[in-house]
There are 2 protein chains.
Amino acid sequence: MDIFTTMQDERGRLSQSEIRIADIVLNDFEFAVNASIIELAGKADVSPPTVTRFCRRLGCESFSDFKVQLARTAYVGMRYLKPEPKSIAPADVAQDIITKAQNALFLLHRGLDVDAIERAANRLAGAEMIYAFGSGGNSSMIANELQNRLFRLGLRITASSDHSMQLMMAAAAKPTDVLIGSSFSGRNAELVRAFMLAREAKVPTIALTQSGSPVANAAEITLPVDLPEGDNIYRPTSTRIAYLAVVDILASLIAYRIQPQATVTLRRIKQQLVTHRDGDDRQLLGD
Amino acid sequence: MDIFTTMQDERGRLSQSEIRIADIVLNDFEFAVNASIIELAGKADVSPPTVTRFCRRLGCESFSDFKVQLARTAYVGMRYLKPEPKSIAPADVAQDIITKAQNALFLLHRGLDVDAIERAANRLAGAEMIYAFGSGGNSSMIANELQNRLFRLGLRITASSDHSMQLMMAAAAKPTDVLIGSSFSGRNAELVRAFMLAREAKVPTIALTQSGSPVANAAEITLPVDLPEGDNIYRPTSTRIAYLAVVDILASLIAYRIQPQATVTLRRIKQQLVTHRDGDDRQLLGD
DNA sequence: GGTTCCTGCAAATTATTTTCTTGATACGTT
DNA sequence: AACGTATCAAGAAAATAATTTGCAGGAACC
């Protein structure tokens, strides 16, 4: 898949010299992409042929192929190997945030359970009514987002961030409905209770949360999002972007499943928004 | 900055042969990163030295340096050169969405007006009251997000997606307050009206929108987000992720500006959330 | 007509890979 | 336990391939 992961996975099967090479690449990425095979060999105290063999073992054609692979994934993948130095100058803060966001997406993609997403999409596409639950700023945004995306496809959906309402709705839901809930921490006890209630009534449940968490265990289908949260308390956002991406994937899959219907509804909504604005037909749906 | 942009910028100053090389690289990126200088030269009908000179002109050390640079930006940058082939298989949809999201972040970063963001952050950090406006699903999410992020820093802020309320609030705002509004399309006429009203009363205004648009023109400070929107009507999300990132940057900068105060408030909020849950202190703020 | 710049050729340099060999380790046999 | 064999890692040197440099012819533009 990507060369960094491969290096970590293969580490156990490498020889001493090769481990030295791997460590240098991992620790001083900047050096590695720019170095020639001779320089890299020199730094690792091995001979150039060993480096070639190392590259081959990792599944690359040649040393230069290895460098290209490295450079390719690295743009996104490298920073999570290092902590954050950086200053608080605006440009650095911006770069840091954007890199972290890209990283979150990268990691999300790597850990994505495509199968579970597909099952969830099928369930949602066939639901008579959808309840989207989430609380506390982050997850309530996700619930709203689900509503925002799915109602456009002609699905019946309501979002709620209110625990009491969630419980009542869960109790009122029917087996032909679907309950989908989000929890970043996976420890939202009220959401767990809502899931339990729904399951008793045979209502399908989908959780968007950390795998292995209470919320994950309470739901029938879990869409896991497992990211290392940075320790900077001011910035919980990169995780949220990953969640949004999952919602996006989900909504797209559902859209493809119910396409004919969705296109019609979508056009109707669009029509309405556009005429209400200024007639420019190239506008987005919703502002 | 990045090699693709450089190639496009320099295109006018290149010779015939060099333009041929550039076109091959731009059109067949996959080939270019894997080819040797000889293969690339062959395909462009030039001699290898010409390729070397081409690389130098673009600011690279050597041909291999060029390839590394190419591979580096390309992981993120390449797809926006091509339309989307792909299938609707879940794995492909997921990859497509994630790539597009990363791309949006990449492009955002490239076009970011750091200076404007800094000015906006300063304004917001010093505001007595902040009004965050946005309507229509996408922008209303941004307004909510602003509230969600900034109230944690101890700022006074309210978000509204209701046009009538927005107008009334704009009319009631004082010069020591700040109005910040978001519009993806830049054509939200009601938001423009709110900005006008605010400006008459000398209330500072900040717009998060497409540059050059009516909304952008109506605001005092514009934080431009200019992304080519993909034409798949089912997916307006990548743009949203870019907007979220801007909010994140803004919130971080503000946090650094008012740090002592923010830490205290943050701790108080955290305390409350944590005790209400299950006592695990390592939890995120908000779920 | 001169200058400048592009370009390819060939040579030189440099980088990379292959081949061959040595040394080390592990395993099975007596 | 001692020996022999197989296997593998790893470097040296050679071969190969790739890249760069120097130079000169030629085109375009003053």
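Chain A is the first sequence line, chain B the second, and so forth, proteins listed ahead of strands; every chain is numbered from 1. Keep in mind that this is a model prediction, so the values were computed, not measured.
- Distance, R13(A) CZ to dC8(D) P: 15 Å, rounded to whole Å.
- Close approach of DNA chain C to chain B, defined as any atom under 4.0 Å from a non-hydrogen atom of the protein, starts and stops at dC6(C) to dA10(C).
- With hydrogens and angles ignored, the 3.5 Å screen pairs a side-chain donor or acceptor of N217(B) with a backbone N or O of S213(B).
- A salt bridge is absent between R57(A) and E10(A); no separation between the charged side-chain nitrogens and carboxylate oxygens falls under 4.0 Å.
- Near DNA chain D, meaning a heavy atom under 4.0 Å from it, residues 52-65 of chain B has T52(B), R56(B), S62(B), F63(B) in order of number.
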Please list, for nucleotides 27-30 of chain D, all pairs of protein and nucleotide N/O atoms separated by less than 3.5 Å.
none

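- Taking 4.5 Å as the limit, every side-chain heavy atom of Q210(A) sits out of range of all side-chain heavy atoms of R187(A).
- One finds a side-chain N or O of S17(A) lying less than 4.0 angstrom from the OP1 or OP2 phosphate oxygen of dA10(D).
- In this structure, T50(A) does not reach the dA9(D) phosphate: none of its side-chain N or O atoms is under 4.0 Å from OP1 or OP2.
- Listed by chain and number, the residues in a salt bridge (charged side-chain N to carboxylate O under 4.0 Å, His left out) with E39(A) amount to none (sequence neighbours excluded).
- With sequence neighbours excluded, the residues satisfying side-chain hydrogen bond (donor to acceptor under 3.5 Å, both in side chains) with N122(A) are R257(A).
- The pair R123(A)-E220(A) counts as a salt bridge, with a side-chain nitrogen and a carboxylate oxygen less than 4.0 angstrom apart.
- Side-chain atoms of R56(A) never come within 3.5 Å of backbone atoms of S62(A) as a donor-acceptor pair (strictly under, hydrogens ignored).
- Every residue two or more places apart in sequence or in another chain that forms a side-chain hydrogen bond (donor to acceptor under 3.5 Å, both in side chains) with T50(A) is listed here: S47(A).
- Not counting sequence neighbours, the partners of V51(A) by the side chain to side chain contact (heavy atoms under 4.5 Å, CB included) test are I21(A), I37(A), L40(A), A41(A), V46(A), C55(A), F63(A).
- The salt bridge (charged side-chain N to carboxylate O under 4.0 Å, His left out) search around D113(B) returns none, not counting sequence neighbours.
- Every residue meeting the side-chain hydrogen bond (donor to acceptor under 3.5 Å, both in side chains) condition with S211(B), not counting sequence neighbours, appears here in chain and number order: D226(B).
- Annotation: side chain to side chain contact (heavy atoms under 4.5 Å, CB included) contacts of S139(B) (sequence neighbours excluded): D287(A), S182(B), F184(B).
- Contacts between residues 36-46 of chain B and DNA chain C, defined by a heavy-atom separation below 4.0 Å, involve D45(B), V46(B), listed by number.
- Listed by chain and residue number, nothing satisfies the salt bridge (charged side-chain N to carboxylate O under 4.0 Å, His left out) test with R20(B) (two or more places apart in sequence, or in another chain).
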